[in-house]
Protein chains: 2
Amino acid sequence: MPLPETEIPGRLQAELMARGLRMTRQRRTILSVVETAKQHLDATQILRKAHKIDPGIDRVTVYRTLNLLKRHGLVDELDLMHLEGEKHYYERHPQRDHIHMACLRCGKITEFESDLFDRLKGQIQRECQFHIVVSRLEVGGYCSQCRSATPA
Amino acid sequence: MPLPETEIPGRLQAELMARGLRMTRQRRTILSVVETAKQHLDATQILRKAHKIDPGIDRVTVYRTLNLLKRHGLVDELDLMHLEGEKHYYERHPQRDHIHMACLRCGKITEFESDLFDRLKGQIQRECQFHIVVSRLEVGGYCSQCRSATPA
DNA sequence: CTCCTAGTTGAAACTCAGATGCAACTAGTA
DNA sequence: TACTAGTTGCATCTGAGTTTCAACTAGGAG
């Protein structure tokens, strides 16, 4: 089955290789963890998952690889309003930027795409003559469930 | 000259006292530093400036006071795209939220207010039923000067 | 004005994410 | 198959921010 686009096991890998970067065993592992993540993971969680695939992998390699991906715009670094400590979270850079909403009560993270957001970025580029490379809109507050819940 | 609003030396102080919080010598000092800051300061810079006014002041007190102000929504905590390390920057919470643009080349921080931003927040509150307490839109990229400058 | 106490402070020690220096290793190429 | 620039792992470091606790004090009660 020589499909033209196998896509699933390695869009990030493909993109890194297309940039002429070396594909090591460790990088492959970390990339697959990031790629298949169901939620936002921090560096420690990524290390833990990578460790299950390849126990020899080191913390430092995870940090270095995440920096590499960030520099190449392949992953986005999130703070998620520092709801718990100062760690960073990572997600594959999406085709279309979205907003992250963090509930200050239950900690749930919700994502939201908006045309207004796209237009706002356009306005910044035009009016400020600022060339946007990365953007991050994070909002802290109370989600619909927590708003209607009885106060803790 | 009993002006009804002396305003200048202590709007933050007044707001804290209005909330029934204790006004200590140290807090007064830190508040005045934040209040008169010409640019975004991190905790260490705030400590340094506070130290010039009151050498006895401790790091810990600065951190605690900044947390207090943050909890009361009197200052906003910024990351400024982590241009240099993981520290946080602080600014008085403005009447109207603005966007922070960080130049990845020269490090300059520019602020920008936008009607679209206000509308976007309104949309989030309405469509997501999310009650916004704090919002932070940070953008990284290249400012107009650096775009036209010769590559380093 | 004096006393009282809950809230605040400072000093030291701690935590934790992330970075760095360097010798050993290896992917991709000649 | 050999070579080498780039990568890895380990040990160590850094630096922001937090915690613990005894001593102190702002601001209200008497």
Side-chain angles (χ1 to χ4, degrees), chain A residues 10 12-31 33-34 40-51 53-72 75 77-90, chain B residues 10 12-14 16-31 33-34 40-51 53-72 75-90:
Chain A
L12 280 181
Q13 267 186 53
E15 293 206 52
L16 259 198
M17 296 195 71
R19 281 168 166 80
L21 290 160
R22 235 179 246 193
M23 190 48 57
T24 63
R25 182 171 47 83
Q26 294 89 332
R27 284 185 183 173
R28 240 188 305 274
T29 304
I30 295 164
L31 289 176
V33 169
V34 172
H40 304 107
L41 303 175
D42 63 41
T44 306
Q45 292 171 311
I46 292 170
L47 172 64
R48 198 147 44 220
K49 281 176 184 282
H51 221 261
I53 301 168
D54 174 359
I57 223 160
D58 194 83
R59 284 177 341 116
V60 178
T61 303
V62 171
Y63 283 117
R64 284 194 277 230
T65 304
L66 288 173
N67 272 324
L68 181 77
L69 293 170
K70 193 173 51 162
R71 280 203 308 279
H72 283 267
V75 300
E77 190 180 67
L78 311 171
D79 293 300
L80 301 182
M81 292 317 268
H82 306 298
L83 246 45
E84 36 182 315
E86 297 312 315
K87 52 197 171 193
H88 294 137
Y89 299 85
Y90 298 88
Chain B
L12 281 181
Q13 267 186 54
L16 260 198
M17 297 196 71
R19 281 168 167 80
L21 290 161
R22 234 179 248 192
M23 191 47 58
T24 62
R25 181 171 47 81
Q26 294 89 331
R27 283 184 182 172
R28 242 189 303 274
T29 304
I30 294 164
L31 290 175
V33 169
V34 171
H40 305 106
L41 302 175
D42 63 40
T44 307
Q45 291 170 313
I46 292 171
L47 171 64
R48 198 147 43 222
K49 280 175 183 282
H51 220 261
I53 302 168
D54 174 358
I57 223 160
D58 194 83
R59 292 181 329 118
V60 179
T61 303
V62 172
Y63 283 117
R64 282 194 279 232
T65 304
L66 289 173
N67 273 324
L68 182 78
L69 293 170
K70 193 171 53 162
R71 280 201 308 280
H72 283 267
V75 301
D76 287 333
E77 189 180 68
L78 311 171
D79 293 301
L80 301 183
M81 291 318 267
H82 306 297
L83 246 44
E84 38 183 311
E86 296 312 315
K87 52 197 171 191
H88 294 138
Y89 298 86
Y90 298 88

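The chains referred to below are lettered A, B, ... by the order of the sequence lines, with proteins before strands, and numbering in each begins at 1. The structure presented is a predicted model; accordingly, all values stated were derived computationally and were not measured.
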Trainee: Taking all non-hydrogen atoms of both residues, which atom of A:Q26 and which atom of A:T61 are closest, and how far apart?
Mentor: CB-CG2, 3.9 Å
Trainee: Among C:dA19, C:dT8, C:dG10, which nucleotide has an atom closest to any side-chain atom of B:L21?
Mentor: C:dT8
Trainee: Pick the closest DNA chain C nucleotide for B:R22 and for B:D58 by heavy atoms, then say which residue is nearer the 5' end.
Mentor: B:R22
Trainee: Runs of at least three consecutive Watson-Crick or G-U pairs, both distances under 3.5 Å, are what I'm after; which ones involve DNA chain C?
Mentor: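 Listed by first number, the stems are C:1-30 with D:1-30.
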Trainee: Do we see a donor-acceptor contact under 3.5 Å between the side chains of B:Y89 and B:E77?
Mentor: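 There is no such pair (donor and acceptor under 3.5 Å, judged by atom type) between the side chains of B:Y89 and B:E77.
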Trainee: Using a strict heavy-atom distance below 4.0 Å, which residues from residues 81-89 of chain A are in contact with DNA chain D?
Mentor: none
Trainee: B:M23 has an atom CE; how far is it from atom C1' of D:dT25, in whole Å?
Mentor: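 It is 14 Å, rounded to the nearest whole Å.
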Trainee: Does B:R59 contact D:dG17 through a side-chain donor or acceptor facing the base, at a distance under 3.5 Å?
Mentor: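 Under the 3.5 Å cut-off, the side chain and the base do form a donor-acceptor pair.
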Trainee: Do A:R64 and C:dG18 have a side chain to base donor-acceptor pair shorter than 3.5 Å?
Mentor: no
Trainee: Does any N or O in the side chain of B:R59 come within less than 3.5 Å of the main-chain N or O of B:L47, such that one atom is a donor and the other an acceptor?
Mentor: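 Such a contact is absent between B:R59 side chain and B:L47 backbone.
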Trainee: Evaluate the ring planes of B:H82 and A:H88, with Trp represented by its six-membered ring, and classify them as parallel (under 30°), tilted (30 to 60°) or perpendicular (over 60°).
Mentor: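 The arrangement is tilted - the two ring planes meet at 30° to 60°.
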Trainee: Mind calculating the distance between CG (B:L66) and C1' (D:dG17) to the nearest angstrom?
Mentor: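 Whole-Å distance recorded here is 11 Å.
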